[in-house]
Amino acid sequence: MASLRHLVHSRVLLHLSESLGVRSSVFRCGRLLSTSSRCRTVMPAWVIDKYGSNEVLRFTKNASFPIISYPNELIIKVFAAGLNPIDVAMRGGYGAATWSMKRDPLNIKQTGSEFPLILGRDVSGVIMECGLDVKYFRERDEVWAAIPPWKQGSLAEFVVLSANEVSHKPKSLSHVEAAAIPYVAATAWSALVNTGGLRKDNCANKRILILGGSGGVGTFAVQMVKSWGAHVTVTCSQNAERFVRGLGADHVVDYTAGPVEELLSVLEKFDLILDNVGGDTEHWALKLLKPWSGAKYITLVTPFLQNTDRLGVADGMMQTAATVATKTFKHLMKGVHYRWGFFAPSGPVLDEIRDMVDAKQVRAVVEETFSFSQVPQAFEKVEKGHNRGKTVVQISKGGDDV
(Lines give C-alpha, C1' and ligand atoms only; values in the text may rest on other atoms or scores of the structure.)
Protein backbone atom coordinates (compact mmCIF):
# COMPACT_ATOMS: atom_id res chain seq x y z
CA MET A 1 0.00 0.00 0.00
CA ALA A 2 2.84 2.39 0.85
CA SER A 3 4.52 1.73 -2.50
CA LEU A 4 1.21 2.37 -4.28
CA ARG A 5 0.79 5.72 -2.53
CA HIS A 6 4.36 6.61 -3.46
CA LEU A 7 3.70 5.71 -7.12
CA VAL A 8 0.50 7.78 -7.23
CA HIS A 9 2.23 10.72 -5.53
CA SER A 10 5.12 10.58 -8.03
CA ARG A 11 2.75 10.49 -11.00
CA VAL A 12 0.81 13.49 -9.65
CA LEU A 13 4.03 15.50 -9.27
CA LEU A 14 5.17 14.48 -12.75
CA HIS A 15 1.82 15.47 -14.27
CA LEU A 16 1.92 18.83 -12.42
CA SER A 17 5.44 19.60 -13.60
CA GLU A 18 4.58 18.75 -17.21
CA SER A 19 1.38 20.85 -17.11
CA LEU A 20 3.39 23.85 -15.91
CA GLY A 21 6.09 23.29 -18.49
CA VAL A 22 8.77 23.03 -15.83
CA ARG A 23 11.85 20.89 -16.34
CA SER A 24 12.80 18.38 -13.71
CA SER A 25 16.26 19.88 -13.51
CA VAL A 26 14.67 23.17 -12.38
CA PHE A 27 12.77 21.38 -9.61
CA ARG A 28 16.02 19.84 -8.44
CA CYS A 29 17.63 23.22 -7.95
CA GLY A 30 14.65 24.46 -5.93
CA ARG A 31 13.89 27.63 -7.92
CA LEU A 32 12.37 28.67 -11.21
CA LEU A 33 14.68 30.32 -13.72
CA SER A 34 12.53 30.59 -16.79
CA THR A 35 15.17 32.60 -18.61
CA SER A 36 17.86 29.96 -18.25
CA SER A 37 18.02 26.27 -19.04
CA ARG A 38 20.40 25.59 -16.19
CA CYS A 39 20.41 26.29 -12.50
CA ARG A 40 23.12 28.70 -11.37
CA THR A 41 24.39 28.76 -7.82
CA VAL A 42 27.43 31.06 -8.19
CA MET A 43 28.40 34.18 -10.12
CA PRO A 44 31.36 36.57 -10.55
CA ALA A 45 31.46 39.49 -8.11
CA TRP A 46 33.72 41.84 -6.19
CA VAL A 47 33.28 41.26 -2.46
CA ILE A 48 34.77 42.24 0.87
CA ASP A 49 35.24 39.75 3.71
CA LYS A 50 36.04 42.40 6.31
CA TYR A 51 36.01 46.18 6.59
CA GLY A 52 39.10 48.13 5.67
CA SER A 53 40.95 49.97 2.91
CA ASN A 54 41.05 49.13 -0.78
CA GLU A 55 43.04 45.94 -0.11
CA VAL A 56 39.93 44.19 1.26
CA LEU A 57 38.31 44.15 -2.19
CA ARG A 58 38.41 40.62 -3.61
CA PHE A 59 37.25 39.26 -6.96
CA THR A 60 35.57 35.86 -6.94
CA LYS A 61 33.80 33.70 -9.46
CA ASN A 62 31.98 31.87 -6.66
CA ALA A 63 29.77 34.54 -5.08
CA SER A 64 26.34 33.22 -4.11
CA PHE A 65 23.79 33.63 -6.88
CA PRO A 66 20.89 35.83 -5.67
CA ILE A 67 17.57 34.11 -5.02
CA ILE A 68 14.03 35.42 -4.94
CA SER A 69 12.89 35.14 -1.32
CA TYR A 70 9.68 37.18 -1.58
CA PRO A 71 7.08 37.26 -4.37
CA ASN A 72 7.62 40.99 -5.03
CA GLU A 73 11.32 40.55 -5.83
CA LEU A 74 13.11 40.29 -9.15
CA ILE A 75 16.59 39.40 -10.37
CA ILE A 76 18.53 41.82 -12.58
CA LYS A 77 21.45 40.98 -14.83
CA VAL A 78 23.84 43.87 -14.22
CA PHE A 79 25.29 45.70 -17.21
CA ALA A 80 26.67 48.74 -15.37
CA ALA A 81 27.16 49.76 -11.73
CA GLY A 82 27.68 53.26 -10.39
CA LEU A 83 30.01 54.01 -7.48
CA ASN A 84 29.30 56.63 -4.82
CA PRO A 85 31.23 57.98 -1.83
CA ILE A 86 29.03 55.83 0.42
CA ASP A 87 30.55 52.72 -1.19
CA VAL A 88 34.00 53.84 -0.08
CA ALA A 89 32.66 54.61 3.39
CA MET A 90 30.85 51.25 3.64
CA ARG A 91 34.03 49.46 2.60
CA GLY A 92 35.53 50.87 5.82
CA GLY A 93 32.55 49.86 7.98
CA TYR A 94 30.49 53.06 7.89
CA GLY A 95 26.91 52.38 8.96
CA ALA A 96 27.59 48.72 9.76
CA ALA A 97 25.46 48.72 12.93
CA THR A 98 22.42 50.22 11.23
CA TRP A 99 22.68 48.08 8.09
CA SER A 100 23.02 44.94 10.23
CA MET A 101 19.84 45.86 12.08
CA LYS A 102 18.01 46.35 8.76
CA ARG A 103 19.20 42.96 7.48
CA ASP A 104 18.50 41.12 10.73
CA PRO A 105 16.00 43.04 12.93
CA LEU A 106 15.69 40.21 15.46
CA ASN A 107 19.48 39.86 15.78
CA ILE A 108 19.33 36.14 15.04
CA LYS A 109 22.49 35.92 12.95
CA GLN A 110 26.04 36.15 14.21
CA THR A 111 28.18 39.28 13.98
CA GLY A 112 29.81 39.49 10.56
CA SER A 113 27.03 37.58 8.83
CA GLU A 114 26.91 40.30 6.14
CA PHE A 115 30.14 38.95 4.64
CA PRO A 116 31.03 38.38 1.90
CA LEU A 117 29.53 41.79 1.15
CA ILE A 118 28.99 43.16 -2.35
CA LEU A 119 29.16 46.95 -2.71
CA GLY A 120 27.71 49.21 -5.43
CA ARG A 121 24.53 51.27 -5.03
CA ASP A 122 23.59 52.00 -8.67
CA VAL A 123 22.50 49.40 -11.20
CA SER A 124 21.37 49.40 -14.82
CA GLY A 125 20.56 46.11 -16.47
CA VAL A 126 17.93 43.66 -17.68
CA ILE A 127 15.39 41.67 -15.67
CA MET A 128 16.13 37.95 -15.74
CA GLU A 129 13.42 36.65 -13.41
CA CYS A 130 10.31 38.03 -11.69
CA GLY A 131 8.60 36.93 -8.49
CA LEU A 132 5.00 35.79 -8.63
CA ASP A 133 3.58 39.14 -7.43
CA VAL A 134 5.59 41.31 -9.84
CA LYS A 135 3.10 42.74 -12.35
CA TYR A 136 4.68 45.96 -13.60
CA PHE A 137 7.82 44.34 -15.05
CA ARG A 138 8.60 41.47 -17.39
CA GLU A 139 11.69 39.43 -18.07
CA ARG A 140 14.10 41.18 -20.48
CA ASP A 141 12.85 44.66 -19.48
CA GLU A 142 15.68 47.19 -19.29
CA VAL A 143 15.66 48.73 -15.80
CA TRP A 144 17.64 50.86 -13.39
CA ALA A 145 17.59 51.17 -9.60
CA ALA A 146 19.21 52.67 -6.53
CA ILE A 147 20.09 49.80 -4.19
CA PRO A 148 19.50 50.28 -0.44
CA PRO A 149 22.78 50.09 1.53
CA TRP A 150 21.57 47.11 3.58
CA LYS A 151 21.22 44.94 0.45
CA GLN A 152 23.87 43.22 -1.63
CA GLY A 153 25.14 45.61 -4.28
CA SER A 154 25.67 45.82 -8.01
CA LEU A 155 29.36 44.94 -8.37
CA ALA A 156 28.29 41.48 -9.46
CA GLU A 157 26.79 39.76 -12.47
CA PHE A 158 23.31 39.64 -10.88
CA VAL A 159 21.43 41.41 -8.09
CA VAL A 160 18.02 40.85 -6.46
CA LEU A 161 15.75 43.78 -5.55
CA SER A 162 12.17 44.53 -4.60
CA ALA A 163 10.04 45.62 -7.53
CA ASN A 164 9.13 48.89 -5.80
CA GLU A 165 12.82 49.86 -5.85
CA VAL A 166 13.13 49.39 -9.62
CA SER A 167 12.12 51.51 -12.61
CA HIS A 168 12.25 51.15 -16.37
CA LYS A 169 15.49 52.65 -17.67
CA PRO A 170 15.36 55.84 -19.80
CA LYS A 171 15.29 54.87 -23.46
CA SER A 172 17.64 57.71 -24.33
CA LEU A 173 20.50 56.44 -22.14
CA SER A 174 22.98 53.61 -22.45
CA HIS A 175 23.40 51.32 -19.45
CA VAL A 176 26.65 53.08 -18.50
CA GLU A 177 24.95 56.47 -18.57
CA ALA A 178 21.91 55.16 -16.70
CA ALA A 179 24.07 53.73 -13.90
CA ALA A 180 25.32 57.25 -13.11
CA ILE A 181 21.92 58.54 -11.99
CA PRO A 182 19.72 56.46 -9.61
CA TYR A 183 21.44 56.85 -6.23
CA VAL A 184 22.24 60.56 -6.55
CA ALA A 185 18.84 61.26 -8.10
CA ALA A 186 16.96 59.44 -5.31
CA THR A 187 19.06 61.27 -2.71
CA ALA A 188 18.53 64.70 -4.28
CA TRP A 189 14.81 64.04 -4.73
CA SER A 190 14.41 62.89 -1.13
CA ALA A 191 16.20 65.99 0.18
CA LEU A 192 14.73 68.63 -2.12
CA VAL A 193 11.20 67.28 -2.67
CA ASN A 194 10.36 65.12 0.35
CA THR A 195 12.22 67.24 2.91
CA GLY A 196 12.50 70.60 1.17
CA GLY A 197 8.99 70.69 -0.27
CA LEU A 198 10.14 71.72 -3.76
CA ARG A 199 8.00 70.75 -6.73
CA LYS A 200 7.86 71.52 -10.41
CA ASP A 201 4.97 73.91 -9.86
CA ASN A 202 6.37 75.89 -6.89
CA CYS A 203 10.05 76.26 -7.78
CA ALA A 204 9.91 79.19 -10.23
CA ASN A 205 12.17 82.09 -9.21
CA LYS A 206 13.12 80.52 -5.88
CA ARG A 207 16.73 81.10 -4.93
CA ILE A 208 18.51 77.80 -4.29
CA LEU A 209 22.06 77.45 -2.98
CA ILE A 210 23.86 74.14 -3.50
CA LEU A 211 27.02 73.77 -1.43
CA GLY A 212 29.31 71.36 -3.25
CA GLY A 213 27.69 71.40 -6.67
CA SER A 214 30.17 69.45 -8.80
CA GLY A 215 29.81 65.99 -7.22
CA GLY A 216 27.20 63.34 -7.96
CA VAL A 217 24.28 64.67 -5.90
CA GLY A 218 25.18 68.28 -6.64
CA THR A 219 25.28 67.87 -10.42
CA PHE A 220 21.87 66.22 -10.43
CA ALA A 221 20.32 68.70 -8.00
CA VAL A 222 21.50 71.66 -10.13
CA GLN A 223 19.83 70.23 -13.22
CA MET A 224 16.62 69.24 -11.47
CA VAL A 225 15.79 72.53 -9.76
CA LYS A 226 16.97 74.55 -12.76
CA SER A 227 14.58 72.59 -15.02
CA TRP A 228 11.81 73.58 -12.58
CA GLY A 229 12.60 77.28 -12.96
CA ALA A 230 14.71 78.02 -9.86
CA HIS A 231 17.63 80.44 -9.69
CA VAL A 232 20.61 78.25 -8.76
CA THR A 233 23.81 79.31 -7.01
CA VAL A 234 26.58 76.74 -6.63
CA THR A 235 29.83 76.56 -4.70
CA CYS A 236 32.73 74.66 -6.29
CA SER A 237 36.39 75.15 -7.19
CA GLN A 238 37.41 77.46 -10.02
CA ASN A 239 38.27 74.61 -12.38
CA ALA A 240 34.71 73.24 -12.10
CA GLU A 241 32.98 76.55 -12.83
CA ARG A 242 32.46 75.99 -16.56
CA PHE A 243 31.29 72.45 -15.83
CA VAL A 244 28.51 73.47 -13.38
CA ARG A 245 27.46 76.41 -15.52
CA GLY A 246 26.99 73.94 -18.34
CA LEU A 247 24.56 72.07 -16.09
CA GLY A 248 22.48 75.21 -15.57
CA ALA A 249 23.97 77.04 -12.59
CA ASP A 250 23.14 80.76 -12.70
CA HIS A 251 25.84 81.88 -10.30
CA VAL A 252 29.03 80.13 -9.21
CA VAL A 253 31.10 80.92 -6.12
CA ASP A 254 34.69 79.68 -6.05
CA TYR A 255 35.37 78.40 -2.54
CA THR A 256 39.13 78.64 -3.16
CA ALA A 257 38.96 82.42 -3.75
CA GLY A 258 38.54 83.24 -0.07
CA PRO A 259 36.25 82.51 2.88
CA VAL A 260 33.18 81.17 1.09
CA GLU A 261 30.78 82.44 3.76
CA GLU A 262 31.95 86.00 3.09
CA LEU A 263 31.57 85.59 -0.67
CA LEU A 264 28.03 84.28 -0.21
CA SER A 265 26.96 86.80 2.44
CA VAL A 266 26.96 89.68 -0.08
CA LEU A 267 24.39 87.88 -2.26
CA GLU A 268 20.62 88.05 -1.96
CA LYS A 269 19.38 85.57 0.64
CA PHE A 270 18.15 82.11 -0.32
CA ASP A 271 14.90 80.16 -0.07
CA LEU A 272 16.65 76.79 0.30
CA ILE A 273 20.19 75.54 0.87
CA LEU A 274 21.31 71.98 0.07
CA ASP A 275 24.55 71.15 1.87
CA ASN A 276 26.68 68.36 0.36
CA VAL A 277 29.83 69.50 2.18
CA GLY A 278 29.15 69.34 5.91
CA GLY A 279 31.83 70.27 8.41
CA ASP A 280 31.44 73.78 9.79
CA THR A 281 29.13 74.97 7.01
CA GLU A 282 26.02 74.83 9.17
CA HIS A 283 27.60 77.32 11.57
CA TRP A 284 27.28 80.07 8.94
CA ALA A 285 25.05 78.76 6.14
CA LEU A 286 21.73 79.26 7.92
CA LYS A 287 22.45 82.99 8.11
CA LEU A 288 22.14 83.06 4.31
CA LEU A 289 18.45 82.04 4.40
CA LYS A 290 15.48 84.41 4.18
CA PRO A 291 14.16 84.56 7.77
CA TRP A 292 10.50 84.02 8.62
CA SER A 293 9.63 82.96 5.09
CA GLY A 294 9.70 79.16 5.33
CA ALA A 295 13.31 78.96 4.11
CA LYS A 296 15.06 75.64 4.73
CA TYR A 297 18.62 74.43 5.23
CA ILE A 298 18.99 70.71 4.38
CA THR A 299 22.22 68.88 5.03
CA LEU A 300 23.09 65.46 3.64
CA VAL A 301 26.09 65.17 5.98
CA THR A 302 24.62 63.98 9.27
CA PRO A 303 26.05 62.17 12.34
CA PHE A 304 23.27 59.55 12.39
CA LEU A 305 25.28 56.54 11.17
CA GLN A 306 28.39 57.60 13.06
CA ASN A 307 26.29 57.73 16.23
CA THR A 308 24.87 54.23 15.73
CA ASP A 309 28.32 52.84 14.85
CA ARG A 310 29.86 54.41 17.96
CA LEU A 311 27.05 54.00 20.50
CA GLY A 312 24.99 51.13 19.13
CA VAL A 313 21.66 51.41 17.37
CA ALA A 314 19.43 52.28 20.34
CA ASP A 315 21.73 54.81 22.05
CA GLY A 316 22.84 56.18 18.68
CA MET A 317 19.28 56.87 17.63
CA MET A 318 18.55 58.59 20.95
CA GLN A 319 21.65 60.75 20.57
CA THR A 320 20.65 61.57 16.99
CA ALA A 321 17.11 62.52 17.98
CA ALA A 322 18.40 64.81 20.73
CA THR A 323 20.86 66.49 18.35
CA VAL A 324 18.42 67.15 15.53
CA ALA A 325 15.68 68.32 17.93
CA THR A 326 18.03 70.80 19.60
CA LYS A 327 19.27 72.23 16.31
CA THR A 328 15.79 72.38 14.79
CA PHE A 329 14.39 74.32 17.75
CA LYS A 330 17.42 76.64 17.92
CA HIS A 331 17.11 77.72 14.29
CA LEU A 332 13.32 77.79 14.31
CA MET A 333 13.56 80.55 16.89
CA LYS A 334 15.56 82.51 14.29
CA GLY A 335 12.92 82.04 11.61
CA VAL A 336 14.56 79.33 9.48
CA HIS A 337 14.14 75.57 9.21
CA TYR A 338 16.96 73.12 9.89
CA ARG A 339 16.57 69.65 8.34
CA TRP A 340 18.51 66.47 7.62
CA GLY A 341 18.24 64.79 4.24
CA PHE A 342 18.64 61.07 3.55
CA PHE A 343 18.72 58.68 0.63
CA ALA A 344 15.38 56.94 0.07
CA PRO A 345 15.06 54.13 -2.51
CA SER A 346 11.99 54.51 -4.71
CA GLY A 347 11.00 53.09 -8.07
CA PRO A 348 8.19 55.67 -8.55
CA VAL A 349 10.70 58.50 -8.02
CA LEU A 350 12.95 56.98 -10.68
CA ASP A 351 9.92 56.87 -12.98
CA GLU A 352 9.71 60.65 -12.60
CA ILE A 353 13.46 61.00 -13.18
CA ARG A 354 13.24 58.78 -16.28
CA ASP A 355 10.66 61.11 -17.81
CA MET A 356 12.89 64.12 -17.07
CA VAL A 357 15.87 62.38 -18.67
CA ASP A 358 13.97 61.40 -21.81
CA ALA A 359 12.62 64.96 -22.03
CA LYS A 360 16.25 66.23 -22.00
CA GLN A 361 15.67 68.18 -18.78
CA VAL A 362 18.50 66.37 -16.99
CA ARG A 363 21.40 64.33 -18.27
CA ALA A 364 23.82 61.75 -16.97
CA VAL A 365 27.21 63.07 -15.91
CA VAL A 366 29.78 60.27 -16.23
CA GLU A 367 33.31 61.37 -15.36
CA GLU A 368 35.06 58.05 -15.91
CA THR A 369 34.19 54.46 -16.81
CA PHE A 370 36.09 51.38 -15.59
CA SER A 371 35.89 47.74 -16.63
CA PHE A 372 34.77 44.99 -14.23
CA SER A 373 38.40 44.01 -13.68
CA GLN A 374 39.25 47.59 -12.60
CA VAL A 375 36.96 47.90 -9.59
CA PRO A 376 39.84 48.67 -7.15
CA GLN A 377 40.99 51.51 -9.43
CA ALA A 378 37.41 52.81 -9.57
CA PHE A 379 37.29 52.90 -5.77
CA GLU A 380 40.60 54.79 -5.69
CA LYS A 381 39.15 57.33 -8.11
CA VAL A 382 36.09 57.96 -5.95
CA GLU A 383 38.15 58.01 -2.75
CA LYS A 384 40.37 60.84 -4.03
CA GLY A 385 37.35 63.14 -4.09
CA HIS A 386 36.91 66.33 -6.15
CA ASN A 387 34.82 64.37 -8.63
CA ARG A 388 33.03 65.92 -11.60
CA GLY A 389 30.02 63.64 -11.82
CA LYS A 390 30.00 59.88 -11.43
CA THR A 391 32.35 56.92 -11.70
CA VAL A 392 30.78 53.91 -13.43
CA VAL A 393 31.87 50.26 -13.73
CA GLN A 394 30.82 48.40 -16.87
CA ILE A 395 30.00 44.88 -15.70
CA SER A 396 29.07 43.40 -19.08
CA LYS A 397 28.51 44.82 -22.55
CA GLY A 398 25.29 45.20 -24.48
CA GLY A 399 21.99 43.46 -23.88
CA ASP A 400 21.84 40.87 -26.64
CA ASP A 401 23.21 38.07 -24.53
CA VAL A 402 20.12 37.81 -22.36
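In summary, K287 and E282 do not engage in a salt bridge, as defined by a charged side-chain N under 4.0 Å from a carboxylate O. A salt bridge links R245 with E241: at least one charged nitrogen is closer than 4.0 Å to a carboxylate oxygen. With respect to the salt-bridge test (charged N to carboxylate O, under 4.0 angstrom), the residues E368 and K390 do not qualify. For D250 and K226, the salt-bridge test passes: some basic side-chain N is under 4.0 Å from an acidic carboxylate O.
Atom CE of M317 sits in a sparse spot, with 12 or fewer heavy atoms from other residues, nucleotides or ligands closer than 6.0 Å. At most 12 non-hydrogen atoms from other residues, nucleotides or ligands lie less than 6.0 angstrom from NZ of K200. Heavy atoms of other residues, nucleotides or ligands lying less than 6.0 angstrom from CD of Q238 number 12 at most.
Between the CG atom in L350 and the OH atom in Y183 there is a gap of 13.0 Å [rounded to 0.5 Å]. Note that CG of D271 and CG of L289 are 8.5 Å apart. Values are rounded to the nearest 0.5 Å. Taking CD of Q319 as the start and CD of Q306 as the end, the distance is 12.0 Å to the nearest 0.5 Å. Note that OH of Y136 is 9.5 Å distant from CG of D141, once rounded to the nearest 0.5 Å. Taken from OG1 in T391 to CD in Q374, the straight-line distance is 12.0 Å, to the nearest 0.5 Å. Atom NE2 of H175 is separated from atom CZ of F79 by 5.0 Å, given to the nearest 0.5 angstrom.
In plain terms, the two heavy atoms of D358 and P170 that are nearest each other are OD1-CB, 3.5 Å. Closest heavy-atom contact between P116 and Q152: O-NE2, 3.1 Å. Closest approach of I67 to V160, counting heavy atoms only: O-CG2, 3.8 Å. Contact record, V336 with K290: CG1-O, 4.1 Å, taken as the closest heavy-atom pair. Shortest non-hydrogen contact noted between L247 and Q223 is O-CG, 3.7 Å. Taking both residues in full, the closest heavy atoms of V392 and A180 are given as CG2-CB, 4.0 Å, listed atom of the first, atom of the second, then distance.
Ring geometry, Y338 versus H331: the interplanar angle falls under 30°, so the pair is classed parallel (tilted spans 30 to 60°). Taking the six-membered ring where tryptophan is involved, the planes of F65 and F158 are tilted, since the angle between them lies from 30° to 60°.
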Test log, rule side chain to side chain contact (heavy atoms under 4.5 Å, CB included), inputs R354 and D351: CA-CA 5 Å; R354 178 195 64 221; D351 288 343; 3.1 Å; yes
Chi angles and distances behind the side chain to side chain donor-acceptor pair (under 3.5 Å) call for T256, S237: CA-CA 6 Å; T256 66; S237 62; over 6 Å; no
V47 and L117: CA distance, side-chain angles, deciding distance, side chain to side chain contact (heavy atoms under 4.5 Å, CB included) verdict: CA-CA 5 Å; V47 303; L117 181 64; over 6 Å; no
Chi angles and distances behind the side chain to side chain contact (heavy atoms under 4.5 Å, CB included) call for V159, I75: CA-CA 6 Å; V159 65; I75 294 176; over 6 Å; no
Worked verdict on L274 versus L209 for side chain to side chain contact (heavy atoms under 4.5 Å, CB included): CA-CA 6 Å; L274 178 64; L209 171 61; over 6 Å; no
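Each of V217, L192, V232, T235 was evaluated against I210; a single residue qualifies, V232, per the side-chain contact (heavy atoms from CB on, under 4.5 Å) test.
Without hydrogens or angle criteria, S227 side chain to M224 main chain gives a donor-acceptor distance under 3.5 Å. With N276 contributing its side chain and L211 its backbone, the two residues share a donor-acceptor pair below 3.5 Å. Not one N or O on the side chain of N194 forms a donor-acceptor pair closer than 3.5 Å with the backbone of A191. When atom types are taken as modelled, the side chain of D122 and the backbone of A146 share no donor-acceptor pair closer than 3.5 angstrom. A distance-only check finds no donor-acceptor pair linking the side chain of R339 to the backbone of H337 [under 3.5 Å]. Between the side chain of E73 and the backbone N or O of S69, at least one donor-acceptor pair lies under 3.5 Å.
Between the side chains of H231 and N205, no donor-acceptor pair of N or O atoms lies under 3.5 Å. A donor-acceptor pair shorter than 3.5 Å can be found between the side chains of Y297 and D275. Donor-acceptor pairing under 3.5 Å is lacking for the side chains of T219 and R363. For the residue pair W144 / S167, a side-chain donor-acceptor distance below 3.5 Å is found, with atom types taken as modelled. A donor atom on one side chain and an acceptor atom on the other are found under 3.5 Å apart for K151 and S162.
A cation-pi contact, defined as under 6.0 Å to the ring centre and within 45° of the axis, links R207 to F270.
Counting heavy atoms from C-beta outward, F372 and E157 have side chains that stay 4.5 Å or more apart.
Ring centroids of F115 and Y51 are separated by less than 6.0 Å, placing the two rings close together.
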